[in-house]
There are 2 protein chains.
Amino acid sequence: MDIKQSNTDTEIKQRVFFALSDPGRYKIISMLYHVGHEMGCNELNQHVEIDKSTMSYHLRTLREIGITNTRTQGRQKYVSLNIEKIENLLPGLLKLL
Amino acid sequence: MDIKQSNTDTEIKQRVFFALSDPGRYKIISMLYHVGHEMGCNELNQHVEIDKSTMSYHLRTLREIGITNTRTQGRQKYVSLNIEKIENLLPGLLKLL
DNA sequence: ATAATTGTTTGATAATAATAAAACTATAAA
DNA sequence: TTTATAGTTTTATTATTATCAAACAATTAT
């Protein structure tokens, strides 16, 4: 039945669920998933109405969990979902958002 | 594409993710799902090692989110997962645990 | 060089959440 | 009736999170 998993795996799952438990982060993740490509932080900010420092805080959380990638170009930062990692860990989760 | 959903639906999803973000609750939910039948609180307590009042606290949270059912028989209480509700809201989620 | 833009970090605060001991309720057993 | 069991609630405490203003850093535009 393979119920027992490595703690680490379960812990990462829990962090992903944690990420999705906050309205702001849920919107960020959902939007990144549905648009299907990276977005500038500022662009994200226009869609998800939260203070820019709060946005930055949440984006850091997502980065630290490991479910987003960030690319810097000039003074802009582009965020994208690490879909492969999420799908590998929790296949089918993203399409539920 | 049906991206937009009722707030309520998304809010409930977020609460389910919240439920799964805590190690204790994750274990409770995962165990209830994998054993496939209701369990007495005490029985649950033997598997998930947390103080009985903490257990009660978490079980209340799950009940309030609406993802568990509780049946009282004598002085025992039996908890089961509201699988239908979870599957209806987030199909396929449970098998990822 | 100065100013504007894009984001991060710090610091303070408020809000939520987790934990556990102790008191409590209800049922069942002795 | 007393005692034990099963679980909840209350109270207190601590830990974690979320929020935002202000200061900061880096880049680009004027």
Side-chain angles (χ1 to χ4, degrees), chain A residues 7 10-32 35 37-81, chain B residues 7 10-32 35 37-81:
Chain A
N7 275 337
T10 299
E11 277 167 21
I12 299 174
K13 286 183 188 179
Q14 285 167 17
R15 281 181 220 129
V16 173
F17 292 137
F18 171 76
L20 289 167
S21 71
D22 175 83
R25 286 188 306 252
Y26 184 99
K27 275 180 210 151
I28 293 170
I29 294 169
S30 176
M31 167 143 295
L32 284 174
V35 301
H37 52 71
E38 65 181 10
M39 292 178 79
C41 295
N42 199 34
E43 192 187 355
L44 260 176
N45 226 328
Q46 290 163 356
H47 295 273
V48 185
E49 281 193 9
I50 48 183
D51 189 274
K52 65 171 183 167
S53 62
T54 299
M55 172 63 86
S56 193
Y57 166 76
H58 284 315
L59 288 179
R60 180 147 69 102
T61 301
L62 300 182
R63 208 184 315 126
E64 284 172 358
I65 292 172
I67 58 178
T68 54
N69 296 119
T70 303
R71 182 176 68 87
T72 304
Q73 189 178 39
R75 64 185 163 190
Q76 301 242 72
K77 288 201 177 176
Y78 295 93
V79 183
S80 60
L81 259 197
Chain B
N7 275 339
T10 299
E11 278 167 21
I12 300 174
K13 287 183 187 179
Q14 285 166 18
R15 281 182 220 129
V16 173
F17 292 136
F18 171 76
L20 288 167
S21 70
D22 175 84
R25 285 187 308 250
Y26 184 99
K27 275 180 211 149
I28 293 169
I29 294 169
S30 176
M31 167 144 294
L32 285 174
V35 302
H37 52 71
E38 65 181 9
M39 292 178 79
C41 295
N42 199 35
E43 191 186 355
L44 260 176
N45 227 328
Q46 290 164 354
H47 295 275
V48 185
E49 281 193 8
I50 47 181
D51 190 275
K52 65 172 184 166
S53 64
T54 300
M55 171 64 87
S56 193
Y57 166 75
H58 284 315
L59 288 177
R60 180 146 70 103
T61 301
L62 300 182
R63 209 185 314 127
E64 283 172 358
I65 292 172
I67 60 178
T68 55
N69 296 119
T70 304
R71 182 176 68 87
T72 304
Q73 189 178 38
R75 62 186 163 188
Q76 302 242 72
K77 288 202 177 175
Y78 295 93
V79 183
S80 59
L81 260 197

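Lettering of chains follows the sequences in order, A, B, ..., and the numbering in each one begins at 1. Since the model is a prediction, treat every value here as computed from it, not as a measurement. Just so you know, these numbers use all the heavy atoms, side chains as well, and skip hydrogens, waters and symmetry mates.
The side-chain heavy atoms of A:V79 and A:L59, taken from C-beta on, include a pair separated by under 4.5 Å. Residues B:I50 and B:H58 form a side-chain contact, since some pair of their non-hydrogen atoms from C-beta on lies under 4.5 Å apart. No side-chain heavy atom of A:Y78 sits under 4.5 Å from any side-chain heavy atom of A:T70.
Residue B:Y78 contributes atom OH, which lies 10 Å from atom P of D:dA6 at whole-angstrom precision. The distance between atom CD of B:Q73 and atom P of C:dA28, rounded to the nearest whole Å, is 9 Å. Rounding to whole angstrom units, CG of residue B:L44 and P of D:dA6 are separated by 14 Å. Note: CE (B:M55) to C1' (C:dA21) measures 17 Å, nearest angstrom. When rounded to the nearest whole Å, the span between CG of A:N45 and P of D:dC20 equals 11 Å. Separating the CD atom of B:Q46 from the C1' atom of D:dG7 is a distance of 14 Å, rounded to the nearest angstrom. Separating the CZ atom of B:F17 from the C1' atom of C:dA17 is a distance of 20 Å, rounded to the nearest angstrom. With rounding to whole Å, A:M39 atom CE is found 15 Å from C:dT6 atom C1'.
Closest contact between the side chain of B:K77 and the listed nucleotides D:dG7, D:dA21, C:dT6 involves D:dG7. Nearest nucleotide to the B:S53 side chain, out of C:dA20, D:dG7, C:dT9: C:dA20. Nearest nucleotide to the side chain of B:F18, out of D:dT9, C:dA18, C:dT9: C:dA18.
In the interface, the side chain of B:T54 is not paired with the base of C:dA18 through any donor and acceptor atom under 3.5 Å apart. In the interface, the side chain of A:R75 is paired with the base of D:dT27 through a donor and an acceptor atom under 3.5 Å apart. At a cut-off of 3.5 angstrom, the base of D:dG7 holds at least one donor-acceptor pair with the side chain of B:K52.
For the pair B:R25 and B:F18, the cation sits on the ring face: its NZ or CZ lies under 6.0 Å from the ring centre, inside 45° of the axis.
Listed pair B:H58 / C:dT19 meets the phosphate criterion, a side-chain N or O lying under 4.0 Å from OP1 or OP2. The phosphate of C:dT8 (OP1 or OP2) has a side-chain N or O of A:R63 nearer than 4.0 angstrom. Proximity of A:R60 to the phosphate of C:dT9: a side-chain N or O atom is located under 4.0 Å from OP1 or OP2.
Judged by closest nucleotide on DNA chain C, A:Y57 is the one of A:Y57 and B:S21 placed further toward the 5' end.
Annotation: B:R60, atom CZ; neighbour count of heavy atoms from other residues, nucleotides and ligands within 6.0 Å does not exceed 12.
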